[in-house]
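Presented below is the structure to which this report refers.
Please read all numbers here as calculations on a predicted model, not as lab measurements. Residue numbers begin at 1 in each chain, while the letters A, B, ... track the order of the sequences.
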Amino acid sequence: MATLTVHPDRLLPTEPGVREIARRLYGAVRDLPIISPHGHVDPKLLLDDQPFADPTSLFIQPDHYVTRLLHTAGIGLDRLGVAEGPLPEDRARQAWRLLCGHWHVLRGTPVRYWFDSELAEIFGVTERPGADNADALYDQIAEQLRRPSHRPRALLRRFGIEFLATTDDPADDLAAHEALRDDPDVSTTVAPTFRPDRYLEIGRPGWAETVKGLGDAGDYASYLDALAERRQYFIARGAVSADHGHADAGAEPLELHDAQRIYRAALAGAVTDAEALAFRRHMTYEMARMSCDDGLVMTLHPGVYRNHHPETLQRYGPDTGHDIPVAVEYTRALQPLLERFGNHPGLHLVLFTVDPDVYSREIAPLAGFYPSVYAGAPWWFLDNPSEIRRFQEAVTETAGFSRLSGFIDDTRAFCSIPARHDMSRRLDAGFLAGLVAAHRLDEDEALDTLTALVVDQPRKVFKL
Amino acid sequence: MATLTVHPDRLLPTEPGVREIARRLYGAVRDLPIISPHGHVDPKLLLDDQPFADPTSLFIQPDHYVTRLLHTAGIGLDRLGVAEGPLPEDRARQAWRLLCGHWHVLRGTPVRYWFDSELAEIFGVTERPGADNADALYDQIAEQLRRPSHRPRALLRRFGIEFLATTDDPADDLAAHEALRDDPDVSTTVAPTFRPDRYLEIGRPGWAETVKGLGDAGDYASYLDALAERRQYFIARGAVSADHGHADAGAEPLELHDAQRIYRAALAGAVTDAEALAFRRHMTYEMARMSCDDGLVMTLHPGVYRNHHPETLQRYGPDTGHDIPVAVEYTRALQPLLERFGNHPGLHLVLFTVDPDVYSREIAPLAGFYPSVYAGAPWWFLDNPSEIRRFQEAVTETAGFSRLSGFIDDTRAFCSIPARHDMSRRLDAGFLAGLVAAHRLDEDEALDTLTALVVDQPRKVFKL
Amino acid sequence: MATLTVHPDRLLPTEPGVREIARRLYGAVRDLPIISPHGHVDPKLLLDDQPFADPTSLFIQPDHYVTRLLHTAGIGLDRLGVAEGPLPEDRARQAWRLLCGHWHVLRGTPVRYWFDSELAEIFGVTERPGADNADALYDQIAEQLRRPSHRPRALLRRFGIEFLATTDDPADDLAAHEALRDDPDVSTTVAPTFRPDRYLEIGRPGWAETVKGLGDAGDYASYLDALAERRQYFIARGAVSADHGHADAGAEPLELHDAQRIYRAALAGAVTDAEALAFRRHMTYEMARMSCDDGLVMTLHPGVYRNHHPETLQRYGPDTGHDIPVAVEYTRALQPLLERFGNHPGLHLVLFTVDPDVYSREIAPLAGFYPSVYAGAPWWFLDNPSEIRRFQEAVTETAGFSRLSGFIDDTRAFCSIPARHDMSRRLDAGFLAGLVAAHRLDEDEALDTLTALVVDQPRKVFKL
């Protein structure tokens, strides 16, 4: 049986001299608290604090990073319990066996890396998963999941998470967040995030019904008021940011009468695609305006073709592994917004991308001039060592380190949070060690920079 | 006189610890058989088994990698015998002198690397080519080319090529392939590849004449039947794949009556550019449908502006070094095809590109969800160490190693085949050694992965 | 107080074996003369040879690389004296304090690297700048600036600059260049560069007035003649190149009567945007034709959204840090030009970019076929170690080293010229050392290549 070990030097540079510097740097930040200003953990998980049902519901079912890789091997998502609640034990165990039996499929991916860390460090696993030991590992993990030490809140404490943002519908009452805030047993700040996409995309089927969730939105003016009020509601419950994930980064204002007219058409179900697009770009601009007023950090992550495989969407719902990136453009798209608000002291605009081409071409130059613009950490498909290295190089050489958002885990896989942050710290330490070894930075500066990336920068950028 | 040496550690990582791992990995696959599922060797070369005429006809005339680099130095393609048959000795020798005299022009390119390997390992050359020794090297190589040991079949055996795909016109009778298959002297499987581009691009001048080569194609239905029959003809003679190299990756079906109407217009020479484009994208979709039925692997490599310099095309024909890449898009272009066939067990769709931007942005995410999609190895302009490294990083971090096609040499330079595969093995060994050194993979896994890339993966992806 | 040291091995590879090779290579070119065929130094600086006013006017005010980074920290450009002449001492000192107090903002950028070199090597600074020592450093530098040794001409000699190109308006009388040429005290060749952008963009406000600067340009024919004459005027005063920086790389000829008609419309102030665009692309083609005739090297650097923040433009003018790159395309755009002139022996066309995606996809393949096309060195946002490495890899693997322009400093920061060229030499030495260490190149070839990049290649490409 092959062993599973997590080496203390993993991910650090391989050249011994550079590794030695990286070790020192990493050692100084390894145990700093985790700040997670963008993610997808369900607050009810922490509120209810129920034991995780089984390894499959913890590691496989909710994580499209895992299920899409198994899907490539011809495994139907139904066999993995995607879009289902907890499975009967035989099905849960069967799904786990599929994961372990296809362990080689994960080689080279960050998913494998996170799994190694999670299995070793949270569950004490010492064997590499495979077809042979799948059942034994299932039992070993399942047994621990029943212990108090492995309930969500206990893990939250153990992980050292100081701040955890969730992602929430503007119509959500945020009762879970309120309860967590008032619970003396929870010292982590669990903050909601305002995610208004579906309220802004007025051409979506059902939008006229959806928008009622905001309250009175019978005309354009009341719609704006309702959005502003919901933002205040979120802010009062700890929200620090609003998150926007449309197809493109367009942010161009309409004339008021055009916005009013299109809004009326949308309520009547008579909006054209072009009008809906123009309105959404207008509203992105308006959201920036509101951010200047109310201070919510604005995060933007366009450029994803959502639900590329309609049959999978129909059977399993969204976020099931078939969102595919497309090329994205920021320079022209954001010009109207930045012309108006780019120097506004109230605006923090964090630009994420899944198109790495824009790092050096557009994001770094924008973040290298506008005080409001920050380069969001590599995210989603790009949260892996080689793309993180590409990001570090592409952005810092043009914009320096002070324009980085700090790490974003963006995950719904609760147990992967520490592994993801740890990966980031190791890679930042390694990158900075390279600058020291090339005599471009003194080691005290590298250490200061690394600490800033881990804690100071996210606090500043997300106004914590 | 400078020496020419091929170092046993060439292309391996330079850090001694990583190099040591890479050496072990590479050593284990160095002598495995060569599988070449896509290339451009002329099967008649192997059928006739005539000695190569001279060094120029072997190394220069047929290889646009070489002639385009000499062309940059102001050397007219006429002086290199491009698009001519074997040259008179004085001209052949003169062309060879031009190559040797411009040896510095090749520095840093893979062409230089392949040459070094070929000259040293096949012809025992020990001096670096230059103006001074051009004639002596010409004589040394020419002398060997006359020996039985350096005829095509002898080299084929020596190279250890287990499977060699050629690229063929759908109207080809494949007589050479049949003869090679029946020849007990040839143990390599020499398989044809179905390359229907010019039959699908109905707006090309002369298409109405070209299409007659398929047999009865007097209306759309018989055209489809004829294509399907030619595919069967190819399959019966060993073909495993159909290769498509259009200007873009579009694959969107037309309504039947539109396809029929456009087809009729094309036969009448009255098709518009827009119709021809729509029809070609429709036919790419249809080719995928046929692949689901008959099992031919579908390889796609769009994004090349062919024959950028018309005067060169006119004087020397196509494939003479002035095809230039353009940006390419897969996510939207392939959506209709993948919506319909992406999960079909009969489809293997291998995506190649000469636009490296799409590796991490589009190809890896597509190959990281759809079980039918594979990431084709870096190809043409990208088959060099730095782009191969970029590919390895961009694709494997998102999609793992199991979605890679394995190496494709894509060459018409027969003697470069072993050097190209050897380069790939060295670079794969180096990349995997890096993962081992960073403690992301155990060495036994790296070895297993490397072996898969060299032999198992091409066999699986190309259904050998 | 932290020290400021410039290590002799800075920027060289970190692996000791490779570094050793790189040291040898770098050592051989470190002291070669500087050839600077493209930049923005004001020739009057050298003509007048007045002492620099103070550290702020030398290092901050004219350099948008520096001011944009400070601007990201919320520092208004007014506080930095942007677009002002020499400041009163209190304001100059205050701006310098802002720079030193935000020294951390520069970490990881080439600006920091250049500063380190300049401060240490030109001004003997031994302390890292910070809030605490800002005044002392100001005084230390200011004192030296008053010495004869630190006047512009003395520095020019000390920097070892053999050739220095400026960038000039076609209507400029080039009196400063003439005077410098005739001055026995100046041994550097200071050559003008023909930069006709604003004369070719006929839709610009005020163009009809601007064009009068060329002389008689009352119809299209006389306009062409006037441009050709101004080019001759520049050539007679030492110009070797014409520089073009439009929004895109389009170069497509119009029919003569269309060109004439559009030109008339422009003079009448009645040109449409589409006509102006077509005319500018036509004129890019015409400029190539003139280059074939008169031999001026043609440099092209499209793809920049100029003056992204209009308020900053209005207050401080252009070139104040908010030009932002956009995606660019060469393959299709340049096809008409290259179809006609690509093989012309009189044309040298140097392609620059701020969109690094085109290096391997378009520039290298174009430079790898057409003898007229050269790959311009990484420039502006890309003149940093990681992008230079990306350029080296992307271009040389496809096109070899002989297609590179050699380094271009493109700077208006006079004192940064030696630091920029030194950075380039170190990075080229490191890259070539890597090829030697991977046994792809012999060390004598690497040395020959490095020398070519530093002196021979710029001389050849820019016809010096």
Side-chain angles (χ1 to χ4, degrees), chain A residues 13-18 21 327 329-332 334-335 338-340 342-343 345 357-374 389-390 392-403 431-442 444-446 448-449 452, chain C residues 2-16 64-65 68-69 71-76 102-113 116 128 303-305 308-312 320-328 354-357 381-387 389-390 430:
Chain A
T14 48
E15 200 284 308
V18 189
I21 302 168
E329 201 278 335
Y330 287 98
T331 302
R332 292 190 182 95
L334 291 175
Q335 197 279 330
L338 291 170
E339 171 172 356
R340 183 76 173 83
N343 279 357
D357 294 349
V358 295
Y359 282 140
S360 68
R361 190 178 64 219
E362 304 180 29
I363 290 179
L366 288 167
F369 175 75
Y370 290 105
S372 61
V373 176
Y374 293 92
R389 168 54 62 100
R390 183 171 170 184
Q392 290 164 331
E393 293 178 343
V395 176
T396 65
E397 299 253 21
T398 290
F401 287 93
S402 69
R403 311 311 299 156
F431 181 65
L432 286 159
L435 295 181
V436 173
H439 307 289
R440 295 179 57 190
L441 216 53
D442 292 325
D444 70 301
E445 296 177 292
D448 180 68
T449 302
Chain C
T3 60
L4 184 158
T5 50
V6 286
H7 194 282
D9 287 337
R10 60 195 187 280
L11 286 183
L12 299 187
T14 49
E15 201 282 310
H64 58 73
Y65 285 68
R68 68 169 180 75
L69 283 167
H71 185 259
T72 65
I75 298 170
H102 290 82
W103 200 245
H104 63 282
V105 165
L106 310 181
R107 286 178 192 163
T109 69
V111 176
R112 158 68 185 269
Y113 182 89
D116 282 355
R128 189 200 301 161
V304 182
Y305 189 118
H308 197 264
H309 194 244
E311 185 187 324
T312 298
T320 45
H322 51 109
D323 293 347
I324 310 289
V326 293
V328 74
V354 281
D355 176 3
D357 295 348
F381 291 108
L382 306 181
D383 58 358
N384 59 54
S386 72
E387 293 292 349
R389 169 54 62 99
R390 183 170 170 185

Looking at C:E311, C:R389, C:R68, C:E387, which makes the most heavy-atom pairs under 4.5 Å with chain A?
C:R68
Using every non-hydrogen atom in the two residues, find where C:H308 and A:L338 come nearest and quote the distance to one decimal.
CE1-CD1, 4.0 Å
Where on C:P385 is there a heavy atom nearer than 4.5 Å to chain A: the side chain, the backbone, both, or neither?
both
Toward chain C, the part of A:S402 with a non-hydrogen atom under 4.5 Å:
side chain
Classify the ring geometry of C:H309 against A:F369: parallel below 30°, tilted from 30° to 60°, perpendicular beyond 60°.
tilted
What part of C:D355 is in contact with chain A, defined as an atom under 4.5 angstrom from a non-hydrogen atom: side chain, backbone, both or neither?
both
Who passes side chain to side chain donor-acceptor pair (under 3.5 Å) against C:T14, sequence neighbours left out?
none
Please state whether the side chain, the backbone, both or neither of C:L106 comes within less than 4.5 Å of a heavy atom of chain A.
neither
Does the pair C:T109 and A:E397 meet the rule for a side chain to side chain contact (heavy atoms under 4.5 Å, CB included), with working shown?
CA-CA 4 Å; C:T109 69; A:E397 299 253 21; over 6 Å; no
May I ask you to test the A:L441-C:R107 pair for a side-chain heavy-atom distance under 4.5 Å?
yes
Using non-hydrogen atoms and a 4.5 Å limit, figure out which bit of A:Q335 sits close to chain C: side chain, backbone, both or neither.
both
By side chain to side chain contact (heavy atoms under 4.5 Å, CB included), C:R128 pairs with (sequence neighbours left out) A:D442, A:D444, A:E445, C:A2, C:W103
Could you tell me whether C:D116 and A:R440 make a salt bridge, using a distance below 4.0 angstrom between a side-chain N and a carboxylate O?
no
Measuring heavy-atom distances to chain C, does A:A446 have an atom under 4.5 Å in its side chain, in its backbone, in both, or in neither?
neither
Heavy-atom distances under 4.5 Å only: say whether A:A399 touches chain C with side chain, backbone, both or neither.
backbone
Derivation and outcome, side chain to side chain donor-acceptor pair (under 3.5 Å), residues C:H322 and A:Y370
CA-CA 8 Å; C:H322 51 109; A:Y370 290 105; 5.6 Å; no
Apply side chain to side chain contact (heavy atoms under 4.5 Å, CB included) to A:R361 and C:V354, showing your working.
CA-CA 7 Å; A:R361 190 178 64 219; C:V354 281; over 6 Å; no
Using non-hydrogen atoms only, which part of C:P110 is less than 4.5 Å away from chain A: side chain, backbone, both, or neither?
both
Answer with side chain, backbone, both or neither: which region of C:T3 has an atom nearer than 4.5 Å to a non-hydrogen atom of chain A?
backbone
What part of A:E329 gets closer than 4.5 Å to chain C, counting heavy atoms only: side chain, backbone, both or neither?
side chain
Under 4.5 Å to a heavy atom of chain C? For A:R340 that would be neither
Side chain A:R403, main chain C:T72, donor-acceptor under 3.5 Å:
yes
